[in-house]
Amino acid sequence: SAVISQKPSRDICQRGTSLTIQCQVDSQVTMMFWYRQQPGQSLTLIATANQGSEATYESGFVIDKFPISRPNLTFSTLTVSNMSPEDSSIYLCSVEKQGNEQFFGPGTRLTVL
Amino acid sequence: QQQVKQSPQSLIVQKGGISIINCAYENTAFDYFPWYQQFPGKGPALLIAIRPDVSEKKEGRFTISFNKSAKQFSLHIMDSQPGDSATYFCAASMEDSSYKLIFGSGTRLLVRP
């Protein structure tokens with residue numbers, strides 16, 4: 001498995017501001033992903049965080065709104081930019097280990113007022 | 001074609017009973033089918049997973065049944081316990097898409113004492 005930490009665990013932000021979420025894993029991994037889980041809903045993939053290159057975004061998600069950094073094989077950040085109340089969600093990072101198993105961090109619970 | 005359909009939306013089972021959650025998919029290119037368990041305020045935890053070359057996989061009280069021809073798979077929780085009360089998500093992924101997970105809509109399980 002993998003030990004994954006996320007910071008912050010939760011935050012309350014004002015409309016129009018930005019928040020950067022950090023994801024740290026205890027070992028080097030090739031694949032890191034960012035997901036969004038809206039209240040009471042399932043998980044939706046935002047993007048794949050690629051080390052040394054630009055992130056790969058899923059349909060409906062754009063770099064200007066969700067810029068992602070992946071400076072090394074154990075760390076990634078997701079920024080939620082120019083936030084609105086619709087961005088209130090849980091944001092989760094995950095990593096893929098051998099055998100295609102994906103392990104998730106504890107999540108960052110974001111509330112936008 | 002990328003969807004994974006999950007049912008039921010919610011499930012109530014008596015302690016000691018069998019909980020059964022079903023998922024169906026359309027894309028025959030999917031080749032990895034995990035189940036995740038999520039408790040409130042936590043990230044999803046990988047419970048058990050199966051590949052289409054086997055019809056069943058068992059780990060403790062949890063069993064995945066896989067029907068390749070019907071494009072369906074299910075999670076069976078034997079001897080269900082109140083501690084199993086959580087939300088369960090099925091998912092699917094494929095090598096061609098870098099194993100990005102497509103999640104079902106989730107099933108909220110309540111096991112009554």
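Throughout, protein chains are lettered first and strands after them, A, B, ... in sequence-line order, and every chain is numbered starting at 1.
Contact of E58(A) with chain B is made through the side chain alone, with heavy-atom distances under 4.5 Å. There is no contact between P34(B) and chain A, counting heavy-atom distances below 4.5 Å. Q6(B) does not touch chain A: none of its heavy atoms, backbone or side chain, sits under 4.5 Å away. In this structure, chain B has heavy atoms under 4.5 Å from both the backbone and the side chain of L43(A).
Under the 4.5 Å side-chain heavy-atom criterion for ILVMFWY residues, a single connected hydrophobic cluster contains both V111(B) and W35(B). Hydrophobic clustering places I48(B) together with Y25(B) (ILVMFWY residues linked when any side-chain heavy atoms are closer than 4.5 Å, directly or through intermediates). When hydrophobic clusters are built by joining Ile, Leu, Val, Met, Phe, Trp and Tyr residues whose side-chain heavy atoms come closer than 4.5 Å, directly or via intermediates, V112(A) is not grouped with I90(A).
Side-chain atoms of S42(A) never come within 3.5 Å of backbone atoms of G106(B) as a donor-acceptor pair (strictly under, hydrogens ignored).
Counting non-hydrogen atoms of neighbouring residues, nucleotides and ligands closer than 6.0 angstrom, the CZ atom of R10(A) reaches no more than 12 such neighbours. Within a 6.0 Å radius of CD1 in I63(A), more than 12 heavy atoms belonging to other residues, nucleotides or ligands are found. In R51(B), the CZ atom is crowded: over 12 heavy atoms of neighbouring residues, nucleotides or ligands sit closer than 6.0 Å.
Ranked by heavy-atom pairs shorter than 4.5 Å toward chain A, the options G43(B), A91(B), A49(B) are led by G43(B).
Here the closest heavy-atom approach between residue L46(B) and residue Q102(A) is recorded as CB-O, 4.2 Å.
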Checklist entry - Would K100(B) and M31(A) count as a side chain to side chain contact (heavy atoms under 4.5 Å, CB included) if you check the C-alpha gap in whole Å, the side-chain angles of each, and the deciding distance to 0.1 Å? => result CA-CA 10 Å; K100(B) 294 179 292 188; M31(A) 306 296 288; over 6 Å; no
Checklist entry - Between Q37(A) and F89(B), does a side chain to side chain contact (heavy atoms under 4.5 Å, CB included) hold up when you go through it step by step? => result CA-CA 12 Å; Q37(A) 185 175 27; F89(B) 294 97; 3.6 Å; yes
Checklist entry - Checking side chain to side chain contact (heavy atoms under 4.5 Å, CB included) for the pair K42(B)/F104(A): CA distance, chi angles, key distance, verdict? => result CA-CA 9 Å; K42(B) 305 291 186 182; F104(A) 283 82; over 6 Å; no
Checklist entry - When you look at L101(B) and Y35(A), which way does the side chain to side chain contact (heavy atoms under 4.5 Å, CB included) test go after all the steps? => result CA-CA 10 Å; L101(B) 288 171; Y35(A) 289 82; 3.4 Å; yes
